[in-house]
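Contents: one structure, followed by commentary.
Counting from 1, the numbers follow the sequence of the chain as shown.
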Amino acid sequence: MSELKKVLERYRDPRLARRIAEKIRELASKIGEKILIMHVCGTHEWTITHYGIRHVLPENVEVRAGPGCPVCVLPAADIDSMIRLGLEERISILTFGDVSRARGGRGLSLEDARGLGLDLRIVYSFQDAVEIASREPERRFVFFGVGFDTTCPSVAHAVLRGLPSNMVVLSSHRYVPPAVGWVMCREDLEVDGFIAPGHSGTVTGMRPYREYFERNPRPIVFSGFEPLDVLVSIYMVLRQLSTARYSIENEYTRSVTWEGNARAMATALEVFELKEGLWRGIGLIEGSAFDFREKYSRVDARAVYGIEQPRSDPGMPGGCRCAEVIIGKATPTECPLYMRVCTPRTPVGPCMVSVEGTCKIWADHRILRREVERA
């Protein structure tokens with residue numbers, strides 16, 4: 001057995017999982033009231049769904065997904081801008097596979113536009129995009145940059161090293177802490193505690209969450225991604241609720257620190273500045289968009305091609321409830337389109353597109369009806 005497999009087995013031990021689940025039930029019984037915990041990461045949703053964690057939680061504890069999928073919150077206007085550049089300006093578009101399937105405000109995705117003549121290149125990393133542009137100096141390329149705090153520093157690093165002269169970047173990168181802060185100030189969402197994103201937190205650190213916590217104190221626990229990580233994190237949230245003593249805690253100590261990866265964030269903020277950004281299904285959030293600093297306008301597709309940061313959203317397709325799924329007000333099975341006309345093969349809303357989208361994860365695990373959501 002490999003060392004990695006041995007390590008992972010420790011975080012998937014079913015006997016430990018049962019013992020933690022029992023502790024969760026004891027605490028939940030003492031609290032008594034309905035408890036809603038929100039996580040903010042597609043990978044957490046996958047772990048919770050894949051390992052059936054909702055199935056072992058007591059009736060009064062519910063865990064829902066928040067805005068933790070970068071493709072789901074990608075502004076439709078940016079997709080439309082990429083399609084326009086590709087079809088009208090004949091510029092080649094470089095981006096990730098799941099981004100290419102998200103539909104813009106006119107109902108078209110980049111994949112759809114490929115059928116109309118758009119030169120779309122799917123890449124697995126930003127470095128792949130740089131290499132493609134370097135090999136074809138006679139063409140013009142735009143990299144459609146989508147992602148959170150974890151992907152933005154690598155783009156910034158490449159910009160500092162120098163991009164090919166025929167390549168620019170449209171940044172739709174988003175900074176996660178303000179989005180969590182936005183949810184925390186929404187009393188109508190009735191979220192009692194948060195499982196904070198471990199990947200994003202590894203880069204940002206826990207410190208940026210303090211200002212939001214101080215405004216609206218609620219339990220925040222940074223969590224890893226193995227099933228025992230998530231169960232322990234749920235227990236830690238409940239422990240805070242049971243004592244009414246709230247704090248920012250860290251379950252994922254093997255990766256997350258208070259300061260985070262200061263070098264990565266410094267690199268990102270050398271190239272980008274944080275401005276007001278649009279999150280599809282939510283709206284504008286102050287300080288949540290990584291926008292190029294003026295000194296890097298040569299590689300900024302918005303400056304080069306006159307594309308403004310979107311300020312409003314055309315909304316979701318008719319009948320689609322992705323806007324509510326993104327903020328935890330609805331589950332995928334409450335959407336009338338889910339697994340009827342909106343499927344992983346025929347996605348209508350953005351939450352069915354990405355591997356980090358809640359609807360896609362539920363569909364892949366064949367969760368089909370409201371009454372079996374906890375299974």
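Here the shortest heavy-atom pairing between Val256 and Asn250 reads O-ND2, 2.8 Å. Closest approach of Ser171 to Phe292, counting heavy atoms only: CB-CE1, 4.2 Å. Here the closest heavy-atom approach between residue Glu286 and residue Pro178 is recorded as O-CB, 3.6 Å. Between Pro317 and Arg280, the shortest heavy-atom contact is CD-NH2, 4.4 Å. Contact between Met316 and Pro350 at its shortest, heavy atoms only, is SD-CD, 3.6 Å. The two residues Leu189 and Leu36 have their closest heavy-atom pair at O-CD2, 3.6 Å.
At least one donor-acceptor pair under 3.5 Å links the side chain of Arg218 to the backbone N or O of Val191. The backbone N or O of Leu87 sits less than 3.5 Å from a side-chain atom of Arg90, completing a donor-acceptor pair.
A donor and an acceptor atom, one from each side chain of Trp362 and Glu45, are located under 3.5 Å apart. Remark: the Ser100 side chain and the Thr95 side chain contain no N/O donor-acceptor pair separated by less than 3.5 Å. Counting only N and O atoms by type, the side chains of Ser109 and Asp112 include a donor and acceptor under 3.5 Å apart. The closest side-chain donor-acceptor pair between Arg174 and Ser288, if any, does not fall under 3.5 angstrom.
Open room surrounds CD on Glu33; 12 or fewer heavy atoms of other groups in view lie less than 6.0 Å from it. The environment of Arg263 atom CZ is sparse: at most 12 non-hydrogen atoms of other residues, nucleotides or ligands sit within 6.0 angstrom. Within a 6.0 Å radius of CD in Glu308, other residues, nucleotides and ligands contribute 12 heavy atoms or fewer. A 6.0 Å sphere centred on CZ of Arg186 holds more than 12 heavy atoms belonging to other residues, nucleotides or ligands. Taking a 6.0 Å sphere around CZ of Arg12, one finds it holds more than 12 heavy atoms contributed by other residues, nucleotides or ligands.
In this structure, Tyr209 has its ring center closer than 6.0 angstrom to the ring center of Phe222. Outside the 6.0 Å centre-distance limit, the rings of Phe126 and His157 are not counted as a close aromatic pair. Ring centroid separation for the pair Tyr252 and Phe225 comes in under the 6.0 Å cut-off. The six-membered or imidazole ring of Tyr175 lies near that of Phe290, with a centre-to-centre distance under 6.0 Å.
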Step-by-step side chain to side chain donor-acceptor pair (under 3.5 Å) determination, Ser200 to Asp149: CA-CA 6 Å; Ser200 169; Asp149 325 292; 2.3 Å; yes
Test log, rule side-chain contact (heavy atoms from CB on, under 4.5 Å), inputs Arg215 and Glu211: CA-CA 6 Å; Arg215 289 180 210 161; Glu211 66 174 285; 2.8 Å; yes
Please lay out, stage by stage, how Lys329 and Glu334 fare under the test salt bridge (charged side-chain N to carboxylate O under 4.0 Å, His left out). CA-CA 10 Å; Lys329 289 190 75 170; Glu334 291 174 325; over 6 Å; no
Start with the C-alpha gap between Gln309 and Lys275, add the side-chain angles, then the distance that decides, and say whether side-chain contact (heavy atoms from CB on, under 4.5 Å) holds. CA-CA 10 Å; Gln309 278 281 4; Lys275 291 186 177 177; over 6 Å; no
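Residues Asp119 and Arg139 are paired through a salt bridge, judged by an N-O separation under 4.0 Å between the basic side chain and the carboxylate. Between Arg311 and Glu276 there is a salt bridge, with a side-chain nitrogen of the basic residue lying less than 4.0 Å from a carboxylate oxygen of the acidic one.
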Cut-off 3.5 Å, no hydrogens considered: what does the side-chain donor-acceptor table look like for residues 72-83, sequence neighbours left out?
from, atom 1, to, atom 2, distance (Å)
Asp78, OD1, Arg302, NH1, 3.2
Asp78, OD1, Arg302, NH2, 3.4
Asp78, OD2, Ser172, OG, 2.5
Asp78, OD2, Arg302, NH2, 3.0
Asp80, OD1, Gly105, N, 3.1
Asp80, OD2, Gly105, N, 3.1
Ser81, OG, Ala77, O, 3.0

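Looking at Asp229, Thr49, Ile195 one by one, the single match for side chain to side chain contact (heavy atoms under 4.5 Å, CB included) with His44 turns out to be Ile195.
Thr204 OG1 to Phe148 CZ: the interatomic distance, rounded to the nearest 0.5 Å, is 12.0 Å.
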